[in-house]
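Report on the following structure.
Since the model is a prediction, treat every value here as computed from it, not as a measurement. Position 1 is the first residue of the sequence; numbering continues from there. As the structure lists them, so they are numbered: ligands from 1, and atoms in each ligand from 1.
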Amino acid sequence: MPPVFRFAPSPNGYLHLGHALSALLNAGMAAASGGRLLLRIEDIDTTRCRPEYEAAIDEDLAWLGLAWEKPVRRQSEHFDDYRAALGRLDAMGLVYPSFESRAEIAALVTARDSQASWPRDQDGAPLYPGTAKTMPPAERARLMVSRAPYALRLDMTAALARVGALTWLETGAGPAGETGAIAADPARWGDVILARKDTPTSYHLAVVVDDAAQGVTDVVRGQDLFHATSVHRLLQALLGLTAPRYHHHRLVRDADGHKLSKSTRATGLRELRAQGLTPTDIRRRLGLD
Ligand code: GLU
């Protein structure tokens with residue numbers, strides 16, 4: 001069976017040099033190994049994703065000279081798959097709703113401890129203190145049918161009790177140079193969000209379900225997602241899904257050393273194209289030649 005690679009952008013803005021690096025590395029590794037290249041449109045956030053951005057992704061990738069298999073998987077068309085996976089985790093007793101806003105969570109954390117020592121995830125958000133885990137069932141049921149928004153969270157302690165030690169094979173490198181067999185540490189994420197009242201999935205759940213559904217054998221993506229792999233390995237173990245190999249690559253930074261964002265026009269592929277750069281120039285700028 002040939003290896004299966006995927007490039008999985010979100011159509012919530014235009015692609016920049018960082019996306020180009022990811023897409024070109026995926027394509028290069030697929031070509032070198034006789035593998036397949038898939039494109040997956042990660043559009044679960046229907047408020048920020050737009051069809052014109054998806055059309056622009058197609059155009060920009062084709063301009064770079066990439067070819068991928070059709071049809072393209074669009075996450076917004078697979079909400080039933082994510083609901084089913086969430087239902088399985090729920091049936092294991094691993095899912096609970098929480099009703100606090102971000103600000104309320106920050107206040108809870110301050111009340112318990114000084115903000116500085118409370119554990120935070122890699123994005124700097126305080127870990128959820130688990131307050132809603134002990135909510136009386138009647139109160140929970142009342143809030144769920146009320147207009148209150150809620151997040152469905154993974155009970156990390158209960159989830160970890162169901163699986164043994166988890167590792168993944170890293171063929172690239174993490175931010176601190178981690179490579180080879182990596183010990184997953186999902187606890188550092190606390191009770192992660194798996195879905196919300198109006199969206200039946202989070203990024204973590206959808207990516208794991210899709211990589212398995214599409215038979216992805218090699219995940220090639222930016223180093224900013226290295227630590228998220230710990231959550232992905234845990235969800236794969238709980239759902240009985242085969243783990244792909246992972247290859248996290250360096251991030252492209254702007255002149256100030258910041259990670260590129262979709263709003264930095266200076267590094268947008270469309271802007272660079274309009275300035276007369278060719279796909280060869282892009283590869284050279286990315287150090288790929
Ligand atoms: N959709 C994610 C992004 O645009 C990538 C997800 C992944 O490769 O796992 O950053």
If you look only at distance, which donor and acceptor atoms sit under 3.5 Å apart when one is on a side chain in residues 174-186 and the other is two or more places apart or in another chain?
| residue | atom | partner | partner atom | Å |
| --- | --- | --- | --- | --- |
| Glu178 | OE1 | Ala176 | N | 2.9 |
| Thr179 | OG1 | Glu170 | O | 3.3 |
| Thr179 | OG1 | Gly172 | O | 2.7 |

For this session: Would you kindly check if the NZ (Lys) or CZ (Arg) of Arg36 is within the cone defined by 45 degrees around the ring axis of Phe5 and under 6.0 Å from the six-membered ring centre?
Result: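 Verdict for Phe5: no cation-pi partner in Arg36.
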For this session: May I ask you to check if Arg273 and Trp63 form a cation-pi contact, with NZ or CZ under 6.0 angstrom from the six-membered ring centre and within 45° of the axis?
Result: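 Positive - Arg273 is close enough to the ring of Trp63 and near enough to its axis.
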For this session: Compare every heavy atom of Leu260 with every heavy atom of Arg253, then report the nearest pair and how far apart it is.
Result: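 Heavy-atom minimum between the residues: C-CD2, 3.8 Å.
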For this session: Just jot down the side chain to side chain donor-acceptor pair (under 3.5 Å) partners of Asp81, sequence neighbours excluded, or say none.
Result: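 With neighbours one apart ignored, the set is Arg73, His78.
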Exercise. Which residues satisfy the salt bridge (Lys or Arg N to Asp or Glu O under 4.0 Å) test with Asp211, sequence neighbours excluded?
Worked result: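 Asp211: salt bridge (Lys or Arg N to Asp or Glu O under 4.0 Å) contacts with Arg6, Arg40.
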Could you list each nitrogen or oxygen of ligand 1 that sits under 3.5 Å from a protein nitrogen or oxygen, with the atom names and the distance?
| residue | atom | partner | partner atom | Å |
| --- | --- | --- | --- | --- |
| ligand 1 | 1 (N) | Ala8 | O | 2.7 |
| ligand 1 | 1 (N) | Glu42 | OE1 | 2.6 |
| ligand 1 | 8 (O) | Arg6 | NH1 | 2.8 |
| ligand 1 | 8 (O) | Arg6 | NH2 | 3.4 |
| ligand 1 | 9 (O) | Arg6 | NH2 | 2.9 |
| ligand 1 | 9 (O) | Tyr203 | OH | 2.9 |
| ligand 1 | 9 (O) | Arg221 | NH1 | 2.9 |

